[in-house]
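In what follows, a single structure is set out as structure tokens and then discussed.
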Number of protein chains: 2
Amino acid sequence: MANQLSLSIDRSSPVPLYHQVVQGIEAAIHSGILEPGSRLDNEIDLAAQLNLSRPTMRKAMDELVRAGLLVRKRGVGTQVVSSQVRRPLELSSLYDDLSNNGKKPTTEVLSFSHVEADALTLAALQLPTGSKVYHFTRLRKVGGKPLALMENWVRDDITSMDEAQLANEGLYAILRRGGVNFRLASQRIGAMIANDYQAPLLETEAGSALVTMERTAVDDTGRMVETGHHVYRADSYSFEMTLVQR
Amino acid sequence: MANQLSLSIDRSSPVPLYHQVVQGIEAAIHSGILEPGSRLDNEIDLAAQLNLSRPTMRKAMDELVRAGLLVRKRGVGTQVVSSQVRRPLELSSLYDDLSNNGKKPTTEVLSFSHVEADALTLAALQLPTGSKVYHFTRLRKVGGKPLALMENWVRDDITSMDEAQLANEGLYAILRRGGVNFRLASQRIGAMIANDYQAPLLETEAGSALVTMERTAVDDTGRMVETGHHVYRADSYSFEMTLVQR
DNA sequence: GTCAATAGTTTGTCCTGACATTAGGATGTT
DNA sequence: AACATCCTAATGTCAGGACAAACTATTGAC
């Protein structure tokens, strides 16, 4: 019960107090100080130990429960869940995922154009008839091995872009620099068989398995910013996620 | 600006006040009373209109922001985002998904045994050596058409089960009745090519595309309850989800 | 006319306090 | 010894207030 997690709270920091607590407990769980299954002190005591109010402590624990790291039971207490489970799928791009894992992805721009959007794209991005979009296809490799073939459509009233930029960095990095704050994305994951166009580009045989993903991303003003259709080599990529019951 | 969403709050209801607000606003958005892009009154006024405190109002809006229905901006206000986007992927089972959509799924139990778990299963469910588990494979059809081939391992210290039960209802329904409160699940989605065992069962050709899913579910006490490996016909099933930036 | 300082609005954070609800153990009775 | 009842501990809900930070729009100075 005496689970003295020695967190240090810096009240002069611009980081909100509850978030400092989240980070502290998160670190304690990952480093093994808090073992899976162990019970935490109750909210009141924890708050007192850190000189925080109970609502602040609760807000921190709320986040950890939502993230799937803690489990609360009324009348019983709060426990650390198995640390085996992974973090929820974040709103990130393939490029970010790879970079964060220490990989060095390269991008080859196969086609690039600035054209009037077709009906399907207009609907996906909720744009008025006649709007123009950037349309391009890219091939992403890691360690020289092709991983993903990506076709995207991006509205052109946010930031301008060209082939050279796309070859050097991820699409989301470009858009973020253009002032886009992504808020949510809806995506659909499925499977298909590699066709004669995809197979040679991904250096696999026609008929091999591909993971498909269609995504549309929305920014904080509600604008549909980007929609894309991606395919991944099934032997090199899969989607991992943690679902939390609310 | 004057967005009189006429919600009725029932203070005698056992449903928490903030949740009544969530439901009310959710309904208003879905029914079109609150249009996408429209601004809500500020928190203080809204709370006053409903005779609630600001923290309660905020808690409700927090949930809606997390669900991706609202967008808040400091100094500006709160807006309804596009209602096009779907709800976040819930922790539900295929059986629930299908039933909720008005389909009538049928289940064929291909094999069923109560055996000592192998090393891989022991690791996945974090069980001590020598533990026994239920191991079974099921074929799920909708409208007579095969959709999914599912292999599962379930710990046996929760509830007993047999072939007949599995044929009549979903696995999650059985476990819930056995007292399991699911909290989170980690899953991995990928793709593969149908092999000679899978193809005839799913009434497709060997070499056609399948969506694969591996899932391990955890209950509110942190126990790993169930792990499974499922494959779906790619032409009939895909995973839809909404990712929310936090 | 253009730019910078300023005031006002709105959400973000944090506090104290109170009561309700639930789970589980302790107690007492049969 | 078995059972029902009470009590305690912990989380869940709700209130009201205070100040901080960020964005907008207006105002003022040059």
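Scope of the values below: all heavy atoms of this structure, side chains included, with no hydrogens, waters or symmetry mates.
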Grab the CG-C1' distance between A/Asp62 and D/dT13 for me, whole Å please. 12 Å

Using whole Å, what does the distance between atom C1' of nucleotide C/dT16 and atom CG of A/Asn51 come to? 14 Å

Rounded to the nearest 0.5 Å, what separates atom CG in A/Leu52 from atom CG in A/Leu46? 9.5 Å

Are any of the side-chain heavy atoms of A/Phe239 and B/Gln187 separated by less than 4.5 Å? no

Would you please confirm or rule out a distance under 4.0 Å between OP1 or OP2 of C/dT13 and any side-chain N or O of A/Thr56? no

Sugar-phosphate means primed atoms, P, OP1 and OP2; the rest is base. With that split, encode nucleotides 18-26 of chain C 5' to 3' as B, S or - using protein heavy atoms under 4.0 Å. B--BBS---

Looking at D/dA15, D/dT11, D/dT13, which one has an atom nearest to any side-chain atom of B/Leu52? D/dA15

Atom NZ of B/Lys59 and atom P of D/dA15 are separated, to the nearest Å, by 12 Å

First of B/Val15 and A/Asn42 reached from the 5' end of DNA chain D, by closest nucleotide: A/Asn42

Side-chain atoms of A/Pro55 come closest, of C/dT16, D/dG12, C/dT11, to C/dT16

Look at the side-chain N and O atoms of A/Tyr18 and state whether any lies under 4.0 Å from the OP1 or OP2 oxygen of C/dT13. yes

Does some side-chain heavy atom of B/Glu169 sit less than 4.5 Å from a side-chain heavy atom of B/Ile174? yes

Are OP1 or OP2 of C/dC15 and a side-chain N or O of A/Arg11 less than 4.0 angstrom apart? yes

I'd like to know whether CD of A/Glu35 has more than 12 heavy-atom contacts from other residues, nucleotides or ligands below 6.0 angstrom. no

Rounded to the nearest angstrom, tell me the gap between atom CE in B/Met57 and atom C1' in C/dT10. 14 Å

Under 3.5 Å side-chain donor-acceptor pair for B/His19 and B/Glu63: no

Rounded distance (nearest 0.5 Å) linking atom OH of A/Tyr134 with atom CG of A/Asp156: 5.5 Å

Distance in Å, A/Leu166 CG paired with A/Met150 CE, rounded so as to fall on 0.5 Å steps: 9.0 Å

Does C/dT11 have its OP1 or OP2 closer than 4.0 Å to a side-chain nitrogen or oxygen of B/Arg58? no

Nearest-Å distance, CG (B/Asp41) to P (C/dT9)? 15 Å

Rounded to the nearest angstrom, tell me the gap between atom CD in A/Glu43 and atom P in D/dT13. 11 Å

Using atom CG of A/Leu17 as one end and atom P of D/dA21 as the other, report the distance to the nearest whole Å. 12 Å

Under 4.0 angstrom between A/Thr78 side-chain N/O and D/dT11 OP1 or OP2: yes

Measure CD/A/Glu63 against P/C/dC14 and give the value in whole Å, please. 11 Å

